[in-house]
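Every chain is numbered from 1 and lettered A, B, ... according to where its sequence line falls, protein lines coming before strand lines.
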Amino acid sequence: MSTATLMKQATQPALTIEVLRDFIEHEAELLDEQRFDDWAALFSEDAVYWAPAARDQANWLNHVSLFYDDKHTMKTRIQRLNHPMIHCQDPRSTCVRVLSNFKLEWVAEDGSEYRVRSKFLMLEDRPGAERRFFGGRLTHTLRRSDNGLQIVLKKVALTNCDQAFPMLTQPF
Amino acid sequence: MSAYNNEHFRNLVLPDRVHRSIYIDPQIFEIELDKIFGRTWVFVGHDSQVPNAGDYYCTSIGRQPIVLSRGEHGKVHVLYNRCGHRGAKVLSGVRGNQRIFTCMYHGWGFHPDGSRAGVPMLRDFPTGLLDDPQFGMAPLARVENYRGFVFACQDPSVMPLKEYLGEAIRGIDEMVDRAPDGEVEFWAGCHRYTFRGNWKLQMDNMADTYHPAACHASTVGPDGRQFQRRAGAEGGAAPFFAPNGEAVVSQLGVRGFRNGHSSEQSLFDKEQRGGDIEEYRAIMVAKFGEERTAEIMKNRRHSLTLFPTTDILMAQTSVRIVKPIAVDLTEVEIWPVRLKGAPEKISNDLVKFVNITHSASSFIQTDDLEAFERCQQGLQTQGTDWVLLARGIGAEIDEGNGVMFGPRSSEVGMRAKHQMWRDLMCA
């Protein structure tokens, strides 16, 4: 990123919680619609999508995670989700995500990065399978770039993260 | 119960097929809890899960809650998680440390070896009655620890662990030998997944190198390789198809061992190399020399399965524990291990890759779970009673010491498991 761009950003007014919320709700919408390529495009190249498998899990290095996808892994996951022979999605799931309680937790001094917390519930239905219900807290770290907002880190803290799960095919 | 006599069980397992009822009959499941899980060595946990005196880890064998604990003098114990008084489960949660394990109901306390530590208002019980160990937290009949792997058996007359494992003990050795310090640790928690299916479907799958071409087709990228499933520049992603169109993994062989153990050949032809692996390898070479290091790092097996429900995942340096909950419900744990003495980055990478190979959300396991659930559904049908295990029958090579090798995704490993199952159910 050029100095000029940085200067320009520094002089831009900080984004409001409404703008950030719209972006995060749009992200959830893309997942509901299973537009996985469009969804991945929201993430920066250095991004991480992370769902810890323990309460208060400090990092993804020394404990297993339900999901830990860097951009490369995310692309592999989506390649598979789009593959015609992904049997665990035949038939496919239908999901709806409901987000609420948005809070702006932190803003970088120059207004280039934001951390937003929210709560979510997700319903997953798949013909022949039991209805599934997930919920927890989301933390998004977002970065302003030339191409608009990007997700740098999305952390999904499920209320039941340390329990046993049937197959998880849909990112939260 | 007359239908469930020895002759009945003998007829459920034929040389090339098994009867579908062994997967779907709830009464057979009840008998398994006694005759399989009550009489064989079951892997309970790793001693690194309870490193200090007073540490405990709660787990289960079948429906029975049990505890792995560390006593005051460093000894590892395996106890039934039940108060000797009125039967309440003493320890809740998963793990912790307590000098005295105290029952919440009437306040009875027990030492980590299960013996009585204190009983409120003791003198009102008949004198001496509570000295009987069965009124403490009773220990399981037999416990043995092999290189940190703790096995327990509820049958006091069971054969020694080493005799039971036979040649399959190499699976533990091969994994532990990869640690420069000669020890592994369970250190990063575990993945837990469940499926609506019988536990034996998962066990059959671990001796099945025939299924990946169809079942795991979605894991193959446009370059014809399966996604990278372990670290390093070499030996991390394998070509999926051979020039003749067969899946490489299905051209590999399987071994069946005496007492129902099995192993699969490795799908990697190259040793893991490059990146952080080189630093780790240098430590190994400094300690053991080049020749022995090459021997240790050689890709021998994809996995090695110990009857009834343990899987040493060599390719992922992890341990899988399968827990039968009901005839059609199974819970599975995957524990990545730390190779003590290896650079931390090596252990971190093991954690990272097992997230995408064996977690509930992983690229491989999800399609296996779909297969298990479809089997459980399909096996309800009455048109055919038999489930085939006939692949490669008659082509096995006897390697001695109770080991049979079957080339080209032979179902010899499954046959070994089911023969052991039959022998135990008829015993």
Full working for side-chain contact (heavy atoms from CB on, under 4.5 Å) between B:Thr219 and A:Arg80: CA-CA 6 Å; B:Thr219 62; A:Arg80 182 166 170 265; 4.2 Å; yes
side-chain contact (heavy atoms from CB on, under 4.5 Å) between B:Ile356 and A:Thr73, worked out: CA-CA 8 Å; B:Ile356 55 170; A:Thr73 304; 3.5 Å; yes
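Heavy-atom distances place both the backbone and the side chain of B:Tyr193 under 4.5 Å from chain A. Both the backbone and the side chain of A:Leu61 come within less than 4.5 Å of a heavy atom in chain B. Only the backbone of B:Val220 comes within contact range of chain A, with heavy atoms under 4.5 Å apart. The contact between A:His63 and chain B is made by backbone and side chain atoms together, counting heavy-atom distances below 4.5 Å.
Other residues, nucleotides and ligands place more than 12 heavy atoms under 6.0 Å from the NZ atom of A:Lys71. Heavy atoms of other residues, nucleotides or ligands lying less than 6.0 angstrom from CD of A:Glu18 number more than 12. Around the OH atom of B:Tyr57, the shell of radius 6.0 Å holds more than 12 heavy atoms that belong to other residues, nucleotides or ligands. Atom CD of B:Gln380 is surrounded by more than 12 heavy atoms from other residues, nucleotides or ligands within 6.0 Å.
Within residues 357-374 of chain B, the residues that have a heavy atom under 4.5 Å from a heavy atom of chain A are B:Ser359, B:Ala360, B:Ser361, B:Ser362, B:Phe363, B:Thr366, B:Asp367, B:Leu369, B:Glu370, B:Arg374, listed by number. Among the residues in residues 221-229 of chain B, those with a non-hydrogen atom closer than 4.5 angstrom to a non-hydrogen atom of chain A are B:Gly221, B:Pro222, B:Phe227. Identified by a heavy-atom distance below 4.5 Å to chain B, the contributing residues of residues 158-172 of chain A are A:Asp162, A:Gln163, A:Ala164, A:Phe165, A:Pro166, A:Met167, A:Leu168, A:Thr169, in residue-number order. Residues of residues 21-57 of chain A never come closer than 4.5 Å to chain B when only heavy atoms are counted.
Within the 3.5 Å criterion, the main-chain N or O of A:Tyr68 finds no donor-acceptor partner in the side chain of B:Asn355.
Atom NE2 in B:His191 sits 7.0 Å away from atom OG in A:Ser65 (nearest 0.5 Å).
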